[in-house]
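Chain letters run A, B, ... following the sequence lines, proteins first, then strands; residues in each count from 1.
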Protein chains: 2
Amino acid sequence: MEGSAPRRTRIQQEKRELILEAALEVFSANGFRGSTIDQIAEAAGMSKPNLLYYFRRKEDIHETLMQRLLDTWLAPLRELDDIGDPMTELRSYIRRKLEMARDFPRESRLFANEILQGAPRIMPMLEGELKTLVEEKAAVIKGWMRAGKIARTDPWHLIFSIWATTQHYADFDVQVRAVLGPDRGGDGRFEDAARFLEQLFLDGLKPKA
Amino acid sequence: MEGSAPRRTRIQQEKRELILEAALEVFSANGFRGSTIDQIAEAAGMSKPNLLYYFRRKEDIHETLMQRLLDTWLAPLRELDDIGDPMTELRSYIRRKLEMARDFPRESRLFANEILQGAPRIMPMLEGELKTLVEEKAAVIKGWMRAGKIARTDPWHLIFSIWATTQHYADFDVQVRAVLGPDRGGDGRFEDAARFLEQLFLDGLKPKA
DNA sequence: CTAACGTTTGTCCAACCGGTCAAAATTTTG
DNA sequence: CAAAATTTTGACCGGTTGGACAAACGTTAG
């Protein structure tokens, strides 16, 4: 797809990292169209033309950012493994996703922004790599169901519900904090969420008979 | 906050509705900064200056849209009532929210966009009206838990999980459809989702002993 | 009919924005 | 050190955007 990776000097590597870090901050807060090169340049501590020396177009920054994001973003799902106890596997998948929402909220929001706008830049990846990965894992989950290890349901929607509930704490963070208020909405909210989600996915809400 | 509502001619009422409808389409697809007055004007079938005759600033359109949105958006939660069987109440709340995601995806995306950008325009409402409403309903749910009608958990995070799982089908629609593929991702996906969510919130994933 | 009022349009503007370019400053290399 | 290569900067450009405005057009009531 791309030619061989261009050689880069030490300065180029450092400055490119600096720009990507600044761009993550700006893009995740304002979206692609809502962000200006000037904003990113200022956040990175350099002038606009200087930034454009490292990335020729605004889109190049976004593209690079998105490519890096996707690998780390899908890592937890890739780790979902056939070995080990199914219920434990699912529980640690949920925990890992929630930790990502806590530790990398900007990445989550960048992704959410892209999807919300119709995923114009990563549609091929959704229909290709992501679809294949989910199919693979859905098969694993189906195996667990056939073996009677977990209840029978739709594996795809199960995965969606894990994505939705965990990423909610990154993407809708301001709302979560506003609704919980200063006391409940402090740092402890992720542990509360983890406890709740564990129970939800394990037992649901029906009272113990 | 605002003076008495200005008198409006018949034409003004109609045209304002037309503009709001067009703006919902454009804003929900491109975000606030990503949308131009020209786009909205074209979608509404009028010229930019003409549109600006009805709404003096771009922000006014967005603000009006947001105010209207919030009422209908919170209606399902307001309906969550103490009368009736708790488990049934929760199930129909989930169903109503999922129906809103299906029937009003643009409203959902508009709201998601606003929250993602840090809710600059509706923060007071989140900390006021919304927080109060959720507190009220959390108390109702706590009552159910005390009465042994549903399992004991955190009512706040329960509400978040319902929001997250249902709105996911509007906000991340492109991703859902891409991952499900043409066959599974058709119109039936909302029924599949409803079935899955009902089971999840009722029984969780633990296999029936 | 006509005056008053409401609506629509074309033109214009200043600010912003993505990106170019050549020259200056700096760093690297021989 | 000095030449070569790299990095930084200021000035600039064309296109877009939000919004202003006055003139033209349409509608309605006396």
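- Side chain of B:Pro49, nearest nucleotide from D:dG19, C:dT11, D:dG18: C:dT11.
- Rounded to an integer number of Å, the gap from NE2 of A:His62 to P of C:dG18 is 13 Å.
- As a whole-Å value, the separation of A:Tyr54 OH from D:dT6 P is 12 Å.
- For A:Arg33, the side-chain atoms get nearest to D:dT17 when compared with the rest of C:dT8, D:dT7, D:dT17.
- If you take CG of A:Leu51 and P of D:dT6, they are 19 Å apart, rounded to a whole angstrom.
- Between A:Ile40 atom CD1 and C:dC17 atom C1' there is a gap of 12 Å when expressed in whole angstrom units.
- Under a cut-off of 6.0 angstrom, the local environment of CD in A:Glu191 is sparse, with at most 12 non-hydrogen atoms contributed by other residues, nucleotides or ligands.
- When each of D:dT17, C:dT8, D:dT8 is scored by its nearest atom to the side-chain atoms of B:Lys15, the top-ranked nucleotide is C:dT8.
- The cationic group of A:Lys137 does not satisfy the cation-pi geometry with A:Trp156, failing either the under 6.0 Å distance to the six-membered ring centre or the 45° limit from the ring axis.
- Between the CG atom of A:Asn30 and the C1' atom of C:dG18 there is a distance of 17 Å, given to the nearest Å.
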Given salt bridge (charged side-chain N to carboxylate O under 4.0 Å, His left out), test A:Arg189 with A:Asp173 step by step and report yes or no. CA-CA 10 Å; A:Arg189 68 191 189 279; A:Asp173 182 52; 2.8 Å; yes
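- Listed nucleotides: C:dG19, C:dT8, D:dT9. Nearest to the side chain of A:Asn50: D:dT9.
- The CZ atom of A:Phe32 sits 13 Å away from the P atom of C:dC17 (whole-angstrom rounding).
- Atom-to-atom, CD of A:Glu14 to C1' of D:dT7 comes out at 13 Å; the value is rounded to the nearest Å.
- With D:dG19, D:dT17, C:dC17 as the candidates, the nucleotide lying closest to the side chain of B:Lys58 is D:dG19.
- Regarding contacts with the backbone of D:dT6, every side-chain N or O of A:Gln12 stays at 4.0 angstrom or more from both OP1 and OP2.
- In this structure, the helix from C:dC1-D:dG30 to C:dG30-D:dC1 shows an angle of 10° between the axis at its start and the axis at its end, each fitted on 5 base pairs and rounded to 10°.
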For residues 29-43 of chain A, tabulate all N or O donor-acceptor pairs below 3.5 Å that involve a side-chain atom, not counting sequence neighbours.
unit_1: A:Arg33; atom_1: NH1; unit_2: B:Gly34; atom_2: O; d: 3.1
unit_1: A:Ser35; atom_1: OG; unit_2: A:Val26; atom_2: O; d: 3.3
unit_1: A:Ser35; atom_1: OG; unit_2: A:Gly31; atom_2: O; d: 2.5
unit_1: A:Thr36; atom_1: OG1; unit_2: A:Gln39; atom_2: N; d: 3.0

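- Sparse packing is recorded around CZ of B:Phe104, with 12 or fewer heavy atoms of other residues, nucleotides or ligands lying under 6.0 Å away.
- Nearest heavy atoms, A:Met125 versus A:Leu74: CE-CD1, 4.3 Å.
- Using a 4.0 Å heavy-atom cutoff across all strands shown, A:Phe55 reaches no nucleic acid atom at all.
- The number of heavy atoms from other shown groups lying within 6.0 Å of CG (A:Asp85) is above 12.
- Note on A:Ser47: every side-chain N or O is 4.0 Å or more away from OP1 and OP2 of D:dT8.
- Applying the 4.0 Å criterion to OP1 and OP2 of C:dT8, one finds that B:Tyr53 has every side-chain N and O outside that range.
- A cation-pi arrangement is absent between B:Arg91 and B:Phe201, since the terminal nitrogen or guanidinium carbon is not both under 6.0 Å from the aromatic centre and inside a 45° cone about the axis.
- Rounded to whole Å, the distance from CZ on B:Arg57 to P on D:dG19 is 7 Å.
- Looking at heavy-atom distances under 4.0 Å, A:Leu52 makes contact with a base.
- Residue-level contact check: B:Lys48 touches the bases, meaning some heavy atom is under 4.0 Å from a base atom.
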